[in-house]
Amino acid sequence: MTEYVWFDGQLRDVKSVAVHPFTHALHYGSGVFEGIRAYRTDRGTAIFRLHDHLERFHRSAAAYGLAIPYDVRTLADAIFSTLNANAFSDGYIRPLAFFGEKGISLAPRFHCPTHVLVALKPLQGSLIGATGGARVRISPWRKTPSGCMPSTVKACGHYMNSILALQDAVAHGCDEALLLNDRGEIAEGSGENLFIVRGGEIKTNDASADILEGITRDTVIALARDRGIPARIGPLTIDEVRNADEAFFTGTAAEVMPIARIDDRRFAAARPVTDVLYDAYAAAVRAQDAKNAAWCTFLRERNVA
Ligand code: PMP
């Protein structure tokens with residue numbers, strides 16, 4: 001943890017932040033969050049797709065009637081000041097909004113105040129620390145159907161499903177889980193979207209497969225199309241994944257993560273398309289992609305839309 005966080009409108013020493021024991025979110029997971037990255041670039045610290053992350057943060061909160069009393073501009077400023085206060089230039093940014101104290105009712109929007117936190121965490125490279133590609137287990141846990149919890153909403157409690165899946169995968173010697181949806185199609189990783197490569201094309205699924213449509217997913221689709229790599233969107237079956245030439249995960253924390261194997265299906269160590277997209281992503285987040293320069297918000301220039 002860094003020394004300072006932003007909490008409810010102010011920069012605070014992390015040691016001075018405490019929550020009430022009856023904080024609603026502590027009991028029920030009733031909060032929403034974002035995972036954003038800052039990267040060191042030639043023009044100073046850049047935050048990748050900041051505006052898109054903060055817009056999703058607001059959309060997630062709205063789904064639960066959680067009123068965030070700060071607009072996107074104010075939240076962006078909160079992130080800038082937290083980065084500055086900690087002299088933080090490279091790592092993970094975690095905005096979190098949650099229902100606070102006031103009873104145990106399951107209709108917190110009518111009773112509970114909202115708290116908002118911005119915290120930072122050092123993070124270099126991919127959160128999936130797998131050199132040579134991730135070892136992936138198809139999870140015995142199915143992805144929560146969107147008819148139960150909307151997959152496009154990034155809410156704290158939704159992650160109990162990911163926790164079951166990832167803990168099971170790690171217990172089986174794997175780095176990541178791949179969850180199927182309740183129809184048996186591929187959904188996504190515990191915190192990443194899945195892409196396959198076949199015949200020089202990439203393919204991934206969409207929200208109709210009960211996934212969070214990640215911002216990295218969107219970035220990688222754009223980067224592929226910029227390079228003449230066709231990107232198809234549609235349901236993914238286990239068979240398609242097993243027959244793919246390459247497979248990789250995408251996510252803000254995971255970045256572009258090559259997959260070495262899924263259960264007993266081992267992928268070739270040569271991954272030409274994944275490598276191109278891995279490099280393209282690494283360049284884009286470091287503001288080395290002139291075509292997509294608008295994705296980076298520079299701390300010095302504060303050019304958030
Ligand atoms: N799916 C899930 C379940 C996730 O938690 C994440 C990480 N936010 C993703 C996909 C990838 O989303 P993004 O690229 O926006 O980080």
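Order of listing sets the numbers, starting from 1, for every ligand and every atom in it.
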- request: Could you tell me the residue and atom name of the protein heavy atom closest to atom 16 (O) of ligand 1, and the distance to it rounded to 0.1 Å?
  value: Thr252 OG1, 2.6 Å

message: Please check whether Lys143 reaches ligand 1 - meaning an N/O of the residue sits under 3.5 Å from an N/O of the ligand, judged on distance alone.
response: no

query: So is Arg56 polar-close to ligand 1, meaning N/O to N/O under 3.5 Å?
result: yes

query: Ion pair present between Arg37 and Glu255, side-chain N to carboxylate O less than 4.0 angstrom?
result: yes

message: Is a donor from one side chain sitting under 3.5 angstrom from an acceptor on the other, for Glu101 and His115?
response: yes

message: So if I count the atoms of ligand 1 from 1 in the order they appear, which ones are less than 4.0 Å from some heavy atom of Ser190?
response: 3 (C)

message: Quick test: of every protein heavy atom, which one is nearest to atom 10 (C) of ligand 1, and how far off is it to 0.1 Å?
response: Glu188 OE1, 3.4 Å

- prompt: Got a sec, which residues hit ring pair (Phe, Tyr, Trp, His ring centres under 6.0 Å) with His158, two or more places apart in sequence or on another chain?
  reply: Tyr64

- prompt: Can you list the ligand 1 atoms lying under 4.0 Å from a non-hydrogen atom of Asn193?
  reply: 10 (C), 11 (C)

query: For Tyr159, is at least one N or O under 3.5 Å away from an N or O on ligand 1?
result: yes

message: Which residue and atom name correspond to the protein heavy atom nearest atom 12 (O) of ligand 1, and how close is it?
response: Gly214 CA, 3.3 Å

query: Are any of the side-chain nitrogens in Asp182 or Lys143 under 4.0 Å away from the carboxylate oxygens of its partner?
result: no

- prompt: Of all the non-hydrogen atoms in the protein, which one sits nearest to atom 8 (N) of ligand 1, and at what distance?
  reply: Lys154 NZ, 2.8 Å

message: Could you tell me if Thr274 and Glu246 have a donor-acceptor pair between their side chains, going purely by distance under 3.5 Å?
response: yes

field: Donor-acceptor pair between Thr74 and Asp71 side chains, under 3.5 angstrom
entry: yes

message: Less than 4.0 angstrom from a charged side-chain N to a carboxylate O is my criterion; do Arg217 and Asp206 meet it?
response: no

- prompt: Quick check: does Ile215 get an N/O under 3.5 Å from an N/O on ligand 1?
  reply: yes

- prompt: Would a distance-only check, ignoring hydrogens and angles, find a side-chain to backbone donor-acceptor pair under 3.5 Å from Thr204 to Leu194?
  reply: yes

field: Protein contact of atom 9 (C) of ligand 1 - nearest heavy atom, named by residue and atom, plus distance
entry: Gly191 O, 3.5 Å

statement: When distances are taken from atom 14 (O) of ligand 1, the protein heavy atom at minimum range is Thr216 OG1, 2.6 Å

